Amino acid sequence: MTTLVNTPVPTAAPTVRTLVRPGILPAPGARLWVAACPVSHLVPGRGVAVLLPAGAQAALFLLPTGMIYAVDNLDPYAGAAVISRGLTGDRSGEPTVASPLHKQVFSLRTGAALDDPEVSLPTYAVRVQHGEVRIGLPLP
Amino acid sequence: MSTTPENSAATCTRTVVVVGHGMVGHRFVEALRSRDTESTWKVVVLSEEAEAAYDRVGLSSYVGAWDRSALALAGNTYGGDALVDLRLGTRADRVDRDARTVTTSAGDVVAYDALVLATGSHPFVPPVPGHDSAGCFVYRTLDDLDGIRTAAEAAIERAHAEGREANGLVVGGGLLGLEAANALRLLGLTPHVVEFAPRLMPLQVDDGGGAVLEGLISSLGVQVHTGAGTSSIAAQDDDRLAVELSDGTALLTDLVVFSAGVRPSDAVARTAGLAVGERGGVVTDLACRTSDENVWAVGEVAAVEGRSYGLVAPGYTMAEVVADRLLGGEATFPGADLSTKLKLLGVDVASFGDAMATTPGALEIVHTDATKGTYAKVVVSDDARTLLGGILVGDASAYTTLKAYVGREVPGDPGALVSPAGAELGADALPDDAVICSCNNVTKGSICGAIAEGACDLAAIKGCTTAGTTCGGCLPTVKRLLVDSGVELSKALCEHFEQSRAELFEIVASTGIRTFSGLLARYGTGTGCEICKPTVASILASTSSDHVLDGEQAALQDSNDHFLANIQKNGTYSVVPRMPGGEVTAEQLITIGQVAQDFGLYVKVTGGQRIDLFGARVEQLPAIWQRLVDVGMESGQAYGKSLRTVKSCVGSSWCRYGVQDSVGMAVDLEHRYRGLRSPHKIKFGVSGCARECAEARGKDVGVIATDKGWNLYVCGNGGQTPAHARLLASDLDDETLVRYIDRFLMFYVRTADRLQRTAPWLDALEGGLEHLRAVVCEDSLGIADDLEAAMARHVEGYEDEWKAVLDDPVKLSRFVSFVNAPEEADPTVAFDETGPRKVPVLLGLPTVRENV
């Protein structure tokens, strides 16, 4: 005699290896590459702040799609360095980050404020070498 | 023997005797027979009238047609139903409650298992001298109308012979009195109406409405005498009646009809020793059960918890209640809406809600048009926002709409409801220059302008007006403007989910999906955004006790929840430890002071009776919290859409006025609901007496002590649109109070929109406060057990979010300023301490650099 049992629904999502790719390729020319952190340190969907030379700072994001982006950390609306703490997502497929202060949404690809053609965030080139994320700055 | 199995006498074990076969008695028999599918009850109906149940409400339509069958109620003889024994022309003379028998006027003794009294009422005849003269009638039965007809026809013949007009006098200017006057008019008599009160229809309309009504009725040839009683009636030699009124008027009339109210026909009940009310009527509980558990009363003879109802609809409800009870149900009489709308002599009269403005502080707004003969009054609450009731005379076309708004907030100026211009209800009557989005200073005019130019969803309005792009608190209002403009609104949360928050909540609860990516893969599109991520994070947190920074959830939290602190304008955070009910120990207070000193934090006491420490940098938060946790403090969730504070007054332990221990209750409630994630923040207040020092009625949940326990108020909000909390239940004991709050909170958490606080949630809730009360206090949806169980799981699984972070090196590692320089203070953070208080200094807008 057999007993019928409901098949349990698998609860743990299968582990997916994310192929990380820099979202913004550097323009031609020599660069200063600043070490940020190991890729493994990044939480998909969230950002971290990276200290750059001369007091500048970048907001570095790893998205669940595997893309890495870096934009300036300074919120141009608020005048505070908070962009790295914003929520990421997409708007009609365009990867975005929203300021945690007043929720203005910026494209991670271009840095443009999506509801305000006048404003945009500077973007930085990104590359991954030996599992380390680096942010590219033009040579002084 | 019956041929159908359900009528088989074999299954029939009990007998119910129904005394009275009016509209309500008949309704009871119908209700019982249609529900009693097992045929467990045999029914014996005793009807004093020879006529089976007829439409007494439509009695006046008998005049002219004189066709009794036209008024017969459908199915009133129960033809073919072997289980109903209808005995017409048979009174119940005596009830023997011990033997459980009824002795009928035919001499039969009928045994009963249940006895239902549906004897109705009889007209009240004032004991004036001569009230029993020939030519005096009442207006209640078909037989009464036949008598009036005969007398009227004789009077007309006599009057014509004498070359004068025949007239009739009606004593009583209420609803039925005016119907009787109309009947006399139709019979060819000139009617006079005498009303003791200063106006006609004193129960339904006020003085102003009565004046307009009197004008309309008089113009139809009815002589109205208000503010006068009938002093005496004397038969004259010529068969006429000489009537003297208390104001000295003397009238000669051909006949008199008494229509001065009714009295419950409770004689049988009195003789049987059943409890009766002060003003008559058989007293019953809400189950319509009398003081004898086998005897029930329905309709006009019943005084449900001492209150009689003279309308047929409540009687029908009572009939249904008793039918349900006899079959083992638990139905109770829910009270009755006494609103009325009728046409009397062709004149519209309507009265609804608190028509007489008896609510304390109620305001009346009146519009009278003497030329058109209309009177319209609305009664609104003391803040002129909620419609309480009203009266319409002459034109009652607005009755249905207005009645629907009773107990609800009126959009715009309530005066517009009765103004001749007639601003239509439902259209938001706010002026164009009213600011809807105060964050971005967007007016109603600009929003409506955007809608007119084609913006047809929230995103489009946000895009072209910026309304709702900041705190989002105005979005429900924007939504309403869209709906009012005729735009069909999508309930989609955002472009990634077509579902509303409430739908996503149900999906999470029923599928057990515990990840954003899982939910997105099955029910959404794209990768999410700043709207759906925190919403889903909140739903996941409401439905489990996982830490908000566990696993994938960490990526969903807004900055506040991600760093478990409140972000301030310069990107630093404020820290608020929980102080339940406003209580704090000296040691904790000292530690707070030392922490503030050591980290240079600006200190301010909050409105919720706790202390806020401003200006902490991300990397300082763990060190600050370690010291707070060490003295037994925990997260105050000031950063979360969750329970914030339970404010309390000092209560009966210290205060000479306090009647309950408000601090004790506040602390218990705060401990119970701390950490509960919800669609928006939730605040409580607990006051120890009616002086209300805790300002509980401005809170989502307000608890106010009474001599007998606690009154529970809900859905009060401060914010952009302040709202006083509304009374949900009174005089609750501690246990019931907590149970009701459990249910209320979980019902809100389940069903509210994203960022919708309790007041607008209640506004949008179909059925409003009554529905909420039914769900919370009467479990009308049958979900109370679920709601309580969900809350029990929350209480069981609660842990302090900050302590959990301090114990977890992975979570702790995120609290750094820079990923490549964890200890380095953010160079952009600066403060100005030269003024009276420490304030953050913002950077100027950065110069825009070329992309590199």
Side-chain angles (χ1 to χ4, degrees), chain A residues 9 11 13 24 26-27 31 34-37 41-46 48-51 55 57 60 63-65 72-82 84-93 95-98 100-105 110-111 115 119-120 122-125 136-138, chain B residues 439-440 462-463 466 469-472 494-496 511-512 514-518 526-534 552 554-560 562-563 567-572 618 813-814 816-821 824 826-829 840-846 848-852:
Chain A
V9 180
T11 46
I24 300 165
R31 274 186 170 60
V34 178
C37 62
H41 198 94
L42 298 173
V43 177
R46 286 230 84 105
V48 294
V50 181
L51 190 60
Q57 36 187 300
L60 176 67
L63 296 193
T65 55
D72 202 84
N73 196 30
L74 205 57
D75 178 341
Y77 293 96
V82 294
S84 63
R85 296 176 235 159
L87 277 171
T88 62
D90 77 276
R91 194 186 278 186
S92 311
T96 58
V97 61
L101 285 172
H102 287 300
K103 313 288 187 248
Q104 294 91 351
V105 176
T110 66
D115 300 310
V119 178
S120 69
T123 58
Y124 295 94
L137 297 174
Chain B
C439 297
N440 300 312
K462 283 181 176 178
T466 72
T469 52
T470 305
C471 77
C494 64
E495 69 171 82
H496 306 102
T511 62
R514 300 296 314 164
T515 61
F516 179 77
S517 53
T527 59
C529 65
E530 72 285 358
I531 292 168
C532 56
K533 281 181 172 178
E552 203 193 279
L556 308 178
Q557 309 295 347
D558 230 329
S559 181
N560 278 1
H562 193 239
F563 292 104
I567 195 166
Q568 301 299 327
K569 63 195 294 181
N570 67 341
T572 61
V618 174
S813 71
R814 295 181 192 136
V816 294
S817 51
F818 297 102
V819 71
N820 56 346
E824 190 90 10
D826 181 344
T828 66
V829 171
V841 179
L842 296 179
L843 297 180
L845 282 185
V848 176
R849 278 172 285 169
E850 290 294 307
N851 286 348
V852 287

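Bear in mind the structure is a predicted one, so any value in this text is a computation, not a measurement. Convention: sequence-line order gives letters A, B, ...; per-chain numbering from 1.
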Under 4.5 Å from any heavy atom of chain A - which part of B:E824
side chain
Can you tell which part of B:Q568 gets under 4.5 Å to a heavy atom of chain A, answering side chain, backbone, both or neither?
backbone
Return the SG to NZ distance between B:C529 and A:K103, rounded to the nearest 0.5 Å.
11.5 Å
Pick whichever of A:C37, A:A36, A:S84 has the most heavy-atom pairs under 4.5 Å with chain B.
A:A36
Below 4.5 Å from any heavy atom of chain B, which atoms of A:V119 appear? Answer side chain, backbone, both or neither.
neither
So which residue, B:V618, B:D826, B:N570, ends up with the most heavy-atom pairs under 4.5 Å with chain A?
B:D826
Cut-off 4.5 Å, heavy atoms of chain A, and the answer for B:R514 is neither
Max heavy-atom pairs within cutoff under 4.5 Å with chain A, candidates B:A554, B:A821, B:G518, goes to B:A554
Are any non-hydrogen side-chain atoms of B:H562 and A:R46 less than 4.5 angstrom apart?
yes
Hey, does the side chain of A:D90 reach the backbone of B:T527 with a donor-acceptor pair shorter than 3.5 angstrom?
yes
Closest approach of B:A555 and A:P44, non-hydrogen atoms and distance?
CB-O, 3.3 Å
Which answer fits B:I531, side chain, backbone, both or neither, if we ask what part of it has an atom under 4.5 Å from a heavy atom of chain A?
neither
Would you say the side chain of A:P64 lies within less than 4.5 Å of the side chain of B:E552, judging by non-hydrogen atoms?
no
Scanning both residues in full, the closest heavy-atom pair of B:S817 with A:A49 reads O-CB, 3.4 Å
Given heavy-atom pairs under 4.5 angstrom as the criterion, report whether the side chain, backbone, both or neither of A:A81 touches chain B.
both
Any donor-acceptor pair under 3.5 Å from B:E530 side chain to A:G86 backbone
no
Does any heavy atom of chain B fall under 4.5 Å from the side chain of A:V50, the backbone, both, or neither of them?
both
Pick whichever of A:V48, A:V82, A:L60, A:L51 has the most heavy-atom pairs under 4.5 Å with chain B.
A:L51
Of the backbone (N, CA, C, O) and the side chain (C-beta and beyond), which part of B:K533 lies under 4.5 Å from a heavy atom of chain A, both, or neither?
side chain
If you tally heavy-atom pairs under 4.5 Å between each of B:V816, B:I567, B:T572 and chain A, the highest tally belongs to B:I567
So for B:F563, is it side chain, backbone, both, or neither that comes closer than 4.5 Å to the heavy atoms of chain A?
side chain
Between A:V97 and chain B, which part of the residue has a heavy atom less than 4.5 Å away: side chain, backbone, both or neither?
neither
Under a 4.5 Å cutoff for heavy-atom pairs, which residue among B:N820, B:L556, B:T828 has the most contacts with chain A?
B:N820
